[in-house]
Engineer: 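Take a look at the following structure, please.
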Number of protein chains: 2
Amino acid sequence: MPAMTQPATADTRPYHHGDLSRALVEAARRILETEGPAALSLRAVAREAGVSPAAPYHHFKDKSELLEAVAHEGWMALDVALTAARAKASDSNERMTSLGVAYVCFARDNPALYRVMYDRSRDKDSLPDQMKEEGAYCQVRNTIDERTGGGVSPIDLELATIAAWCAGHGLAEMIGFKQFAPLKEALGGEEAFLRAVFEHLGMFAKLDQG
Amino acid sequence: MPAMTQPATADTRPYHHGDLSRALVEAARRILETEGPAALSLRAVAREAGVSPAAPYHHFKDKSELLEAVAHEGWMALDVALTAARAKASDSNERMTSLGVAYVCFARDNPALYRVMYDRSRDKDSLPDQMKEEGAYCQVRNTIDERTGGGVSPIDLELATIAAWCAGHGLAEMIGFKQFAPLKEALGGEEAFLRAVFEHLGMFAKLDQG
DNA sequence: GCATCAATCTAAACGATGTCAAGATAATCT
DNA sequence: AGATTATCTTGACATCGTTTAGATTGATGC
């Protein structure tokens with residue numbers, strides 16, 4: 001999470017803000033964390049940043065474009081989290097599970113941000129570029145490639161990455177369901193639950209069998 | 001898809017509608033299919049049903065409650081689709097894949113409805129009851145139980161069901177991404193792509209290994 | 001059959017939202 | 001310094017979810 005500037009008030013701020021784009025994105029994230037996604041209106045963001053409702057339109061074409069910027073920051077934060085998880089695990093087997101757990105935990109800890117990242121009400125049918133090029137997606141693919149010793153066809157590698165990503169995303173969206181509470185309890189906590197589900201996915205059974 | 005009554009016009013419809021609750025839900029689904037989720041406002045639904053903007057409030061507490069009813073219909077439709085897929089497959093192995101493919105295809109063919117079904121802006125952290133009790137979730141669990149010959153601990157059965165559901169949901173949300181187009185092409189169509197991903201998930205590796 | 005009552009619908013309004021057009025203000029360039 | 005451009009504000013518009021008050025109808029009891 002980047003450092004956030006304090007909300008500007010009328011007396012501290014000059015007519016020209018200086019870096020309103022960034023301030024707006026930060027204000028948006030602040031609102032997301034404190035009041036949830038329902039409260040995230042353009043006007044509320046402008047209010048939080050201390051400017052008029054029309055000011056954002058000089059920096060973003062749309063409300064969508066602001067959200068895109070917020071999502072972008074989210075993907076970068078996810079990158080950081082996954083990199084850390086990857087570095088922490090020693091063997092390649094554990095590394096993969098660790099990645100999955102980190103992914104789901106990121107979604108659990110930043111539910112509002114995660115939702116913005118996957119909100120497809122604006123760009124209907126494409127992944128964010130951030131995800132494909134040099135982003136989290138590649139980290140997963142590289143980890144898989146590493147784990148299988150590089151001896152997997154490009155198509156299989158891509159398929160395995162997609163499979164892993166889908167499983168992670170599905171779990172990320174459901175981890176909060178309270179119907180799972182007894183199961184988590186029985187398994188000794190949420191992380192144990194996560195690991196158990198990932199094991200059941202046996203995501204690399206096919207790759208291992210050749 | 002249930003039969004839908006035609007949109008009522010001022011001259012055909014008496015002051016009292018007769019069955020406005022149902023008409024509203026049908027109007028909502030009609031809007032979802034033709035204009036997408038962005039156009040689904042309460043006022044638009046009322047307009048489509050031929051009544052005043054305030055009329056829905058005599059049948060639903062909220063906009064959320066209307067959407068809940070729409071989602072309920074969605075879950076029932078999903079039940080039907082899964083039941084059909086289950087009946088069509090002969091052996092229990094194929095039956096499981098068939099279930100998964102049917103699930104994802106349902107989401108692909110009813111993207112707007114699927115989104116409403118999973119929209120957690122109203123009831124944050126619980127699955128719809130429809131899903132757990134005697135619904136699609138049970139169909140998946142039963143199919144897994146059947147496939148493993150019933151010799152699996154309740155916890156493992158539940159975990160496997162969750163794992164399968166997460167994978168299906170994740171794939172359902174991503175199937176439309178155009179980045180997957182070349183891969184689909186290479187594998188000979190979308191269904192082949194789906195099956196390939198499901199195979200890579202190897203969802204029952206653990207259960208099979210005991 | 002008719003009066004009463006509850007259910008259902010409309011009309012009108014309120015505050016909030018996304019967005020745009022005009023005008024004010026400040027930074028930058030020549 | 002003067003002109004130009006970028007940035008911000010004011011004020012407005014259509015739309016939305018929701019509420020209140022009043023109109024219309026169906027049902028109920030006599």
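First the proteins, then the strands, lettered A, B, ... as listed; each starts at 1. In this text, all values refer to a predicted model and were calculated from it rather than measured experimentally.
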Engineer: Below 4.0 angstrom from OP1 or OP2 of dC8(D), is there any side-chain N or O of His59(A)?
Structural biologist: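 So the side chain of His59(A) is within the cut-off, an N or O lying under 4.0 Å from OP1 or OP2 of dC8(D).
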Engineer: Once side chain to side chain donor-acceptor pair (under 3.5 Å) is applied, do any residues pair with Arg115(B), and if so which ones, sequence neighbours excluded?
Structural biologist: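 Arg115(B) satisfies side chain to side chain donor-acceptor pair (under 3.5 Å) with no residue once adjacent residues are dropped.
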Engineer: From CZ of Arg43(A) over to C1' of dT9(D), roughly how many Å is that when rounded to an integer?
Structural biologist: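 Distance check: Arg43(A) CZ to dT9(D) C1' gives 13 Å.
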Engineer: Please determine, for the side chain of Leu20(A), which listed nucleotide (dT18(D), dC8(D), dT19(C)) has the closest atom?
Structural biologist: dC8(D)
Engineer: Nearest-Å distance, OH (Tyr57(B)) to C1' (dA13(C))?
Structural biologist: 14 Å
Engineer: What is the distance, rounded to the nearest whole Å, between atom CG of Leu42(B) and atom P of dT19(D)?
Structural biologist: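 About 11 Å, once rounded to whole Å.
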Engineer: State, yes or no, whether a side-chain contact exists between Tyr103(A) and Leu171(A) at a heavy-atom distance under 4.5 Å.
Structural biologist: no
Engineer: In this structure, how many angstroms lie between the P atom of dT17(C) and the CG atom of Leu67(A), rounded?
Structural biologist: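 Atom CG in Leu67(A) sits about 14 Å away from atom P in dT17(C).
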Engineer: Whole Å only: how far is the CG atom of Leu24(A) from the C1' atom of dG18(C)?
Structural biologist: 15 Å
Engineer: Report the nucleotide, chosen from dG17(D), dT20(D), dG11(D), that has the shortest atom-to-atom distance to any side-chain atom of Ala54(A).
Structural biologist: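 Comparing dG17(D), dT20(D), dG11(D) against the side chain of Ala54(A), the answer is dG11(D).
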Engineer: Counting only side-chain nitrogens and oxygens, does Arg47(A) get under 4.0 Å of the OP1 or OP2 atom of dT17(C)?
Structural biologist: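 Checking Arg47(A) against dT17(C): at least one side-chain N or O falls below 4.0 Å of OP1 or OP2.
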Engineer: Judged by each residue's nearest nucleotide on DNA chain D, which is more toward the 5′ side, Lys63(B) or His58(B)?
Structural biologist: Lys63(B)
Engineer: So do the side chains of Leu67(B) and Leu40(B) get within less than 4.5 Å of each other, counting heavy atoms only?
Structural biologist: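 When only atoms from C-beta onward are counted, Leu40(B) and Leu67(B) do touch, with a gap below 4.5 Å.
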Engineer: Please report the distance, rounded to the nearest Å, between CG in Asp19(B) and P in dA7(C).
Structural biologist: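 From Asp19(B) CG to dA7(C) P: 17 Å.
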Engineer: Please report the distance, rounded to the nearest Å, between CZ in Phe60(A) and P in dG18(C).
Structural biologist: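 Answer to the nearest Å: 14 Å.
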Engineer: Counting heavy atoms from C-beta on, name the nucleotide in dT19(C), dT18(D), dC8(D) closest to the side chain of Ala55(A).
Structural biologist: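 Per side-chain heavy atoms of Ala55(A), the pick is dC8(D).
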Engineer: Over 60° means perpendicular and under 30° means parallel, so tell me whether Tyr137(B) and Trp165(B) are parallel, tilted or perpendicular.
Structural biologist: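 Ring orientation of Tyr137(B) relative to Trp165(B): tilted.
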Engineer: Just the rounded figure in Å: distance from P of dG17(D) to CG of Asp62(B).
Structural biologist: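 Answer to the nearest Å: 11 Å.
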Engineer: Just wondering, do Phe198(B) and Val104(B) contact through their side chains at under 4.5 Å, heavy atoms?
Structural biologist: yes
Engineer: Using OP1 and OP2 only, check whether a side-chain N or O of Ser52(A) sits under 4.0 Å from dT10(D).
Structural biologist: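 It does not, given that no N or O in the side chain of Ser52(A) lies less than 4.0 Å from OP1 or OP2 of dT10(D).
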